[in-house]
Enquirer: 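Dropping the structure in here first, questions after.
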Amino acid sequence: SAKAAGKRQWCRYRHALQAGLVERHELNESLDTAIAESAFALYYQPIVDLVSGDLVAFEALVRWPHERRGMVLPEEFISLAEESGQIVPLGAWVLEQAAAEAAAWQRLSSGRRTAGGRRPLRVSVNVSARQFRDASFVDQVRQVVDTTGIHPGSLILELTESVLMRRDERVRTDMKTLGDLGVRIAIDDFGTGYSSLSYLREFPISVLKIDKSFIDGLGLSQQQYALVEGITRIADTLGVQVIAEGIENTAQRHLLASMGCPLGQGYLFARPLTVEQARILVQDDAELAGLQIGGR
Ligand code: C2E
Ligand code: MG
Ligand code: MG
Ligand code: MG
């Protein structure tokens, strides 16, 4: 009967729901253990000068090497960690780790810098809204700068538009304090959320990262090209540096370079690299132009 079928369906639904909850619960517990043991790995994706191909920065991207699940990507655990608040200690670990690593690159390449007149390599770290709103965040950044010895101007904190949307006073004062420390703020995934160019005027933003979805359509439509070019021009006028995300082919690279977009990252240049691979790049002062490098 329809009633029996309905009941069977409900049971299936309930089982699935319970299985989901059990899995979530398990994942939360193993995340707790992983956080306690700092059992994560940071990968580093090169950010390059689109004209010269020079390496200018790395974005730190977290992964979770898991004994049963293999290398777990952030999309599978970051939102969970945001909901549970676990992102606060996890994010603290990421920040400290990435800043310490950047300080090490700066020491590795300091000889070269004086010779070549280059700026110190920067590191860009993703910060969740929840993490940014945590009362201790600014102090934590200050402490990380002090203890690692990273040049504060080479630390970029990537925030998403969700942080800026609220326009609240705390966000403003915290950004000001971070700015006074010399740390730079980036808007990540620009164009995907409630994007507003007025953020650039309202907040001390130094970097704008244009989301991959815009880069994908670059060579395909006039409108997409015009949009990215417009954003790049406005940002440039306001003294904000633009980084294009998800560049996968040379056509995209050349279009971006020709419209005056200075920097980019993407599989065309390199995938996120292990810390060892990243160090080799820094040491060898490798030019990434057109070079395909593995990683994950
Ligand atoms: P995101 O910050 O926008 O990072 C860029 C993502 O795009 C990375 O994925 C990167 O591997 C991928 N990507 C880079 N170039 C290309 C390309 O040419 N093609 C394609 N298809 N993809 C490309 P990943 O590492 O899986 O990270 C996903 C998201 O997870 C990040 O997006 C960021 O929002 C979040 N995330 C990663 N690490 C952290 C972290 O330490 N803390 C926080 N709060 N979030 C993080
Ligand atoms: Mg990012
Ligand atoms: Mg991004
Ligand atoms: Mg993105």
Side-chain angles (χ1 to χ4, degrees), residues 31 34-35 38-48 50 57-65 70-99 101-102 122-134 137 140 144 155-163 184-193 195 207-218 242-253 256 263-275 277-278 288 290-296:
L31 256 180
I35 290 167
S38 300
F40 297 92
L42 275 190
Y43 276 61
Y44 294 94
Q45 187 177 37
I47 296 172
V48 306
L50 291 179
F58 286 100
E59 177 175 4
L61 295 159
V62 72
R63 272 103 184 81
W64 180 16
M71 193 65 85
V72 186
L73 293 174
E75 60 186 7
E76 292 188 56
F77 63 93
I78 289 291
S79 62
L80 204 67
E82 282 169 348
E83 284 166 37
S84 66
Q86 288 163 313
I87 194 68
V88 174
L90 171 55
W93 178 83
V94 167
L95 178 63
E96 155 125 57
Q97 199 69 19
E101 187 54 31
R122 302 195 224 162
V123 72
S124 205
V125 178
N126 293 284
V127 176
S128 285
R130 172 105 183 227
Q131 194 189 345
F132 186 82
R133 281 199 295 272
D134 189 81
F137 182 72
Q140 194 204 324
V144 160
L155 177 59
I156 303 170
L157 302 175
E158 298 190 8
L159 306 177
T160 52
E161 287 151 354
S162 58
V163 174
R184 287 165 211 270
I185 307 274
I187 304 184
D188 198 3
D189 302 337
F190 188 79
T192 55
S195 305
V207 178
L208 196 70
K209 300 191 72 173
I210 301 182
D211 192 66
K212 178 178 184 299
S213 54
F214 289 88
I215 309 310
D216 288 342
L218 255 193
V242 174
I243 301 177
E245 298 190 284
I247 302 174
E248 292 184 342
N249 59 56
T250 45
Q252 292 165 341
R253 177 190 179 175
L256 287 161
L263 304 175
Q265 65 190 100
Y267 294 173
L268 172 67
F269 304 104
R271 291 185 175 245
L273 307 175
T274 64
V275 69
Q277 290 172 315
L288 278 157
L291 202 75
Q292 299 267 349
I293 307 174
R296 63 190 304 158

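Just follow the structure's listing: the first ligand is 1, and inside any ligand the first atom is 1. No experiment lies behind these values; they were computed from the predicted model shown.
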Enquirer: N/O to N/O below 3.5 Å, does that happen between Q45 and ligand 1?
Expert: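 Right, the criterion is met.
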
Enquirer: For a quick test of reading the model, state the closest non-hydrogen atom pair linking F214 to G191 and the distance between them.
Expert: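 That would be CE1-CA, 3.3 Å.
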
Enquirer: Closer than 2.8 Å to the Mg ion (ligand 3), do we get an N, O or S atom from E245, backbone or side chain?
Expert: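 Under 2.8 Å: E245 contacts the Mg ion (ligand 3) through an N, O or S atom.
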
Enquirer: Do any N/O/S atoms of E158 come under 2.8 Å of the Mg ion (ligand 2)?
Expert: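 Checking E158: at least one N, O or S atom is under 2.8 Å.
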
Enquirer: In Å and rounded to the nearest 0.5 Å, what is the CG to CG distance from L208 to L263?
Expert: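 CG of L263 is found 12.0 Å from CG of L208.
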
Enquirer: Measuring from atom CG of L155 to atom OG of S124, what distance do you get when rounded to the nearest 0.5 angstrom?
Expert: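 So the CG of L155 and the OG of S124 are separated by 8.0 Å.
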
Enquirer: Do S213 and T192 have side-chain heavy atoms sitting under 4.5 Å apart?
Expert: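 Yes. Closest side-chain heavy atoms under 4.5 Å.
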
Enquirer: Please confirm whether P272 approaches ligand 1 to less than 4.0 Å, judged on its heavy atoms.
Expert: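 P272 counts as a contact of ligand 1 under the 4.0 Å cut-off.
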
Enquirer: Do any nitrogen or oxygen atoms of V62 lie less than 3.5 angstrom from nitrogen or oxygen atoms of ligand 1?
Expert: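 Between V62 and ligand 1, an N or O pair is found under 3.5 Å apart.
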
Enquirer: May I ask you to identify, for K212, whether its side chain, its backbone, both or neither come under 4.0 Å of ligand 1 on a heavy-atom basis?
Expert: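 The part of K212 near ligand 1 is the side chain, not the backbone.
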
Enquirer: Is N126 close enough to the Mg ion (ligand 2) that one of its N, O or S atoms comes in under 2.8 Å?
Expert: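 Looking at N126, which is the residue asked about, there is an N, O or S atom under 2.8 Å from the Mg ion (ligand 2).
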
Enquirer: Of all the heavy atoms in E245, does at least one lie under 4.0 Å from an atom in ligand 1?
Expert: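 Yes, E245 has a heavy atom closer than 4.0 Å to ligand 1.
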
Enquirer: Are V275 and Y43 side-chain neighbours, meaning at least one heavy-atom pair lies under 4.5 Å?
Expert: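 They are not in contact (no side-chain heavy atoms under 4.5 Å apart), so the answer is no.
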
Enquirer: Nearest 0.5 Å, what's the CG-OH distance between L42 and Y44?
Expert: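 If we round to the nearest 0.5 Å, L42:CG and Y44:OH are 4.5 Å apart.
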
Enquirer: Nearest non-hydrogen atom to atom 2 (O) of ligand 1 belongs to which of L159, L268, L90, N126?
Expert: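 Selected option, by shortest heavy-atom distance: N126.
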
Enquirer: Which single N/O/S atom of E59 lies at minimum distance from the Mg ion (ligand 2)?
Expert: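 Considering only N, O and S atoms, E59 comes nearest to the Mg ion (ligand 2) through OE2.
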
Enquirer: Taking the six-membered ring for Trp, are F77 and W64 parallel (under 30°), tilted (30 to 60°) or perpendicular (over 60°)?
Expert: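 Perpendicular, since the angle between the ring planes exceeds 60°.
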
Enquirer: Where on D211 is there a heavy atom closer than 4.0 Å to ligand 1, on the side chain, on the backbone, on both, or on neither?
Expert: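 For D211, no heavy atom sits under 4.0 Å from ligand 1.
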
Enquirer: Answer whether the closest heavy-atom distance between the side chains of V242 and L256 falls below 4.5 Å.
Expert: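 SC-SC contact between V242 and L256 ruled out.
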
Enquirer: Strictly below 4.0 Å, N to O, side chains only: are K212 and D216 in salt-bridge contact?
Expert: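 Judged by the 4.0 Å cut-off on N to carboxylate O distance, K212 and D216 do form a salt bridge.
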
Enquirer: Is ligand 1 under 4.0 Å from a heavy atom in the side chain of V125, in the backbone, in both, or in neither?
Expert: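 Looking at V125 and ligand 1, no heavy atom falls under 4.0 Å.
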
Enquirer: Could you see which bit of Q265 sits under 4.0 Å from ligand 1, with heavy atoms only: side chain, backbone, both or neither?
Expert: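 The answer is neither.
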
Enquirer: Report yes or no: do E59 and Q265 form a side-chain donor-acceptor pair below 3.5 Å?
Expert: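 Yes, a side-chain donor-acceptor pair sits under 3.5 Å.
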
Enquirer: Taking the Mg ion (ligand 3) as the vertex, measure the angle between atom OD1 in D188 and atom OD1 in D189; round to 10°.
Expert: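 Centred on the Mg ion (ligand 3), the OD1/OD1 angle is 90° (to 10°).
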
Enquirer: Can you confirm, on distance only, whether ligand 1 has an N/O atom lying under 3.5 Å from any N/O atom belonging to Y267?
Expert: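 In this structure, Y267 places an N or O atom under 3.5 Å from an N or O of ligand 1.
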
Enquirer: Taking 4.0 Å as the limit for heavy-atom contacts, which would you say applies to S128 with ligand 1: side chain only, backbone only, both, or neither?
Expert: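 Both of them.
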
Enquirer: Relative to ligand 1, is K209 under 4.0 angstrom through side chain, backbone, both or neither, heavy atoms considered?
Expert: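 No part of K209 comes within reach of ligand 1.
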
